[in-house]
Every structure is written in C-alpha cells, then in structure tokens.
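Encoded as structure tokens, the structure appears first; notes follow it.
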Amino acid sequence: MHPSPRVMMRQCNRSACHGPAVATLTYVHADCTIVLGPLATYAEPHSYDLCAAHTTRFTAPRGWDVVRLAVDLEPPVPSGDDLAALADAVREAGRREPARPAADPSAQPGRPRLRILPSS
C-alpha cells in the first residue's frame with residue numbers, strides 16, 4: 001500500500017502553533033473593527049489564518065469591535081478536483097520549454113559581463 005501524498009495546507013499564524021488554519025482574521029484599523037470568518041481562498045498580506053483553537057479563544061483589544069462570521073472548525077480537505085487541477089498544472093508546466101536568454105557572442109564563457117548604461 002502506498003502512503004498518501006502529503007497535501008500542503010495553510011497553518012495557523014500564531015507563534016509556535018502548527019495547527020491547520022480554519023479561519024481568517026482581517027481588520028480595518030481606521031474603524032477599530034476585526035472580522036473573523038471562514039478561511040480565505042488565498043493567503044493575503046495583512047490577514048491572519050487561525051486554527052480552530054485560536055479562532056474560538058480569540059479576543060480583541062479593548063475598544064475594538066469583532067464581527068464573527070460562521071466558521072467550520074474542521075480543517076479543509078482537498079477534493080479530488082483540487083488534486084486533479086494541481087496534477088494538470090504540473091503536467092502543463094512540464095510541457096513548456098523554459099525560456100533561454102539569447103547568447104551574446106561577445107561574452108566569454110564563465111565570466112560575468114558588465115555593461116555601462118546611459119544615464120537618463
């Protein structure tokens with residue numbers, strides 16, 4: 001029996017926590033508002049993914065409002081469609097020839113080439 005492939009899942013952003021992320025926290029600093037909702041489709045800067053434990057224990061700073069949306073506390077499981085799409089993308093990337101820079105006939109092999117660019 002073959003071991004199952006390891007699927008890369010997003011982890012909780014809390015220090016030293018390696019739990020799987022189930023929710024995403026975002027905030028609007030100007031409005032002192034925090035939104036804690038379902039795991040975002042993509043990891044975005046200025047948002048924080050939290051595991052089930054940190055999602056349920058989260059408290060906001062004094063004076064901040066928290067909007068809690070319904071969150072499924074079970075870690076997401078990749079579907080067959082997700083794995084098929086990933087396999088298709090890998091196959092497609094393997095078919096493409098990598099772009100090669102044009103050879104410079106004046107360049108000597110193994111030596112970097114320096115150019116002086118005109119100032120703008």
Side-chain angles (χ1 to χ4, degrees):
M1 185 163 156
H2 295 283
S4 63
R6 183 168 180 190
V7 177
M8 189 66 167
M9 296 184 78
R10 293 185 352 224
Q11 293 182 338
C12 183
N13 286 132
R14 295 295 305 259
S15 298
C17 181
H18 300 291
V22 298
T24 299
L25 179 147
T26 56
Y27 61 93
V28 180
H29 198 271
D31 296 334
C32 295
T33 302
I34 295 170
V35 178
L36 188 57
L39 188 62
T41 306
Y42 301 101
E44 297 283 342
H46 309 296
S47 66
Y48 301 91
D49 294 336
L50 300 176
C51 65
H54 287 116
T55 297
T56 56
R57 293 189 313 214
F58 176 78
T59 58
R62 188 176 304 159
W64 283 64
D65 295 319
V66 178
V67 176
R68 290 182 184 264
L69 304 175
V71 173
D72 182 6
L73 296 178
E74 290 297 316
V77 177
S79 71
D81 292 341
D82 294 336
L83 296 176
L86 178 60
D88 289 343
V90 169
R91 276 190 220 99
E92 182 62 30
R95 287 186 194 124
R96 295 185 198 138
E97 280 194 37
R100 293 191 177 115
D104 183 355
S106 67
Q108 295 178 1
R111 296 199 53 178
R113 181 165 184 257
L114 299 176
R115 291 187 300 156
I116 299 175
L117 300 176
S119 59
S120 317

Heavy-atom side-chain proximity of Pro38 to Leu69 below 4.5 angstrom:
yes
Output for pair (Arg68 CZ, Thr56 OG1), nearest 0.5 Å, gives 8.5 Å
message: Quick check against the 3.5 Å criterion: does Arg10 have a side-chain atom that pairs as donor or acceptor with the backbone of Ala40?
response: yes
Rounded to the nearest 0.5 Å, the CG atom of Leu50 sits from the CG atom of Leu73 at a distance of 11.0 Å
Report task. Taking Asn13 for its side chain and Asp49 for its backbone only, find out whether a donor-acceptor pair lies under 3.5 Å. Result -> yes
Closest non-hydrogen contact found for Ser47 with Thr26 is CB-CG2, 3.6 Å
Note to self: Starting from Val28, can I reach Val66 by hopping between I/L/V/M/F/W/Y residues whose side chains sit under 4.5 Å apart?
What the structure shows: no
Between Cys12 and Cys51, the two heavy atoms sitting closest are SG-N, 3.4 Å
Self-check item: Single-linkage hydrophobic cluster Trp64~Leu36, side-chain heavy atoms < 4.5 angstrom
Solution: yes
CD of Glu92: more than 12 outside heavy atoms within 6.0 angstrom? yes
* **Path from Tyr27 to Phe58 over hydrophobic side-chain contacts below 4.5 Å** => yes
d(Ile34 CD1, Asp65 CG) to nearest 0.5 Å is 9.0 Å
Nearest heavy-atom approach of Val71 to Ala23 is CG1-CB, 3.8 Å
